[in-house]
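What you see is a predicted model; the values in this text were computed from it and never measured.
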Amino acid sequence: LSVRDNGNGIPEDISNRIFDPFFTTKDKTKGTGLGLSISYGIIRDHNGELAFRTEMGSFTEFIVTLPCD
């Protein structure tokens with residue numbers, strides 16, 4: 001499964017932290033920074049993988065890979 005947007009992309013200097021709990025680029029009143037962290041944990045617990053590709057000024061795509069057992 002993949003989901004892609006046509007947004008601004010993820011800057012390289014924060015790309016290694018996006019799955020960290022409580023990491024957010026939003027104002028503290030707009031989000032908790034738990035969405036990607038929780039998603040990553042659920043997918044990993046099912047022996048899957050959550051990855052992403054991004055291009056600044058163009059897109060970000062998240063790719064979910066799950067086993068077929």
More than 12 heavy atoms of other groups within 6.0 Å of N8 CG: no
Full working for side chain to side chain contact (heavy atoms under 4.5 Å, CB included) between R4 and R53: CA-CA 9 Å; R4 181 177 172 152; R53 298 181 326 121; 3.8 Å; yes
Interatomic distance, T65 atom OG1 to H46 atom NE2 [nearest 0.5 angstrom]: 15.0 Å
Cluster check I14, Y40: I/L/V/M/F/W/Y, side chain < 4.5 angstrom: yes
Mutual orientation of the aromatic rings belonging to F52 and F62 [parallel < 30°, tilted 30-60°, perpendicular > 60°]: tilted
From CG (N47) to CG (L66), nearest 0.5 Å: 9.0 Å
L1-I63 co-clustered via ILVMFWY side chain contacts under 4.5 Å: no
Check: N6 side chain, F59 main-chain N or O, donor-acceptor pair, under 3.5 Å: no
E61 side chain to S2 side chain, donor-acceptor N/O pair below 3.5 angstrom: yes
I10 vs I18, side chain to side chain contact (heavy atoms under 4.5 Å, CB included): CA-CA, chis, key distance, verdict: CA-CA 9 Å; I10 299 171; I18 65 168; 3.9 Å; yes
ILVMFWY cluster, L34 and V64 together (side-chain gap under 4.5 Å): no
Minimum heavy-atom distance P21-S37, with the two atoms named: CG-OG, 3.4 Å
Shared hydrophobic cluster, F19 / V3 (ILVMFWY, side-chain heavy atoms < 4.5 Å): no
Closest approach of G33 to T24 (non-hydrogen atoms, all atoms of both residues): CA-CB, 3.9 Å
